[in-house]
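The structure appears right after this line, and notes come after that.
Residue indices begin at 1 and follow the sequence shown. Side chains are part of it too, since the values below use all heavy atoms of this structure and drop only hydrogens, waters and symmetry mates. Predicted, not measured: the structure shown is a model, and the values here were computed from it.
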Amino acid sequence: MRLDKFLKVSRILKRRTVAQEACDGGKVDVNGRAAKPGCQLKVGDLVCVHFATGSLTFRVKMLKETVKKDEAAEMYEVVNSL
């Protein structure tokens, strides 16, 4: 699954365009490397999203094209939140 789509489906970022802009701006790392919006995620990947107020690091637990709002948090496991 593409990184930008995962960020939107998991509701970490609100819109896919916002996710694309964050990736293009160098604010998203996958396994310690800067990632493009089209980066293919796999289960177990470590993703870090840098916000203006801090950062969120999480591990991908599952990949699904669509999920309900209540199930979105099950797609990832928060490792570190600053």
- Can you list every pair that meets salt bridge (charged side-chain N to carboxylate O under 4.0 Å, His left out) and has a residue in residues 29-38, with sequence neighbours left out? none
- Task: Can you measure from CG (L63) to OH (Y76) and round to the nearest 0.5 angstrom?
- Result: 14.0 Å
- Note on the structure: Hits for side chain to side chain contact (heavy atoms under 4.5 Å, CB included) against V67, two or more places apart or cross-chain, chain-then-number order -> V9, R11, K64, E71, A72, M75
- Message: Could you work out, with salt bridge (charged side-chain N to carboxylate O under 4.0 Å, His left out) as the rule, every residue matching E65, not counting sequence neighbours?
- Response: K5
- Task: Could you tell me the separation between the CG atom of N31 and the SG atom of C48, rounded to the nearest 0.5 Å?
- Result: 11.5 Å
- Task: Taking the side chain as every heavy atom from C-beta outward, state whether D45 and F58 have any pair of such atoms under 4.5 Å apart.
- Result: no
- Message: I'd like to check the side chain to side chain donor-acceptor pair (under 3.5 Å) partners of D24; sequence neighbours left out, ordered by chain and number.
- Response: none
- Query: Quick one: NZ on K14 to CG on L7, what's the gap to the nearest 0.5 Å?
  - Reply: 15.0 Å
- Look up atom CZ in R15 and atom CD in Q20, then write down how far apart they are to the nearest 0.5 Å. 11.0 Å
- Non-hydrogen side-chain atoms of L3 and C23 separated by less than 4.5 Å: yes
- Message: Could you check whether any side-chain heavy atom of V78 comes within less than 4.5 Å of a side-chain heavy atom of T57, counting everything from C-beta outward?
- Response: no
- dist N80:CG -> R59:CZ (nearest 0.5 Å) comes out at 11.5 Å
- Do the non-hydrogen side-chain atoms of L46 and V30 ever get within less than 4.5 Å of each other? no
- Message: I need the minimum non-hydrogen distance between K61 and E77, along with the two atoms involved.
- Response: CD-CB, 3.5 Å
- Which residues share a salt bridge (charged side-chain N to carboxylate O under 4.0 Å, His left out) with R16, sequence neighbours left out: D4
- P37 and R2, any side-chain heavy atoms less than 4.5 Å apart: yes
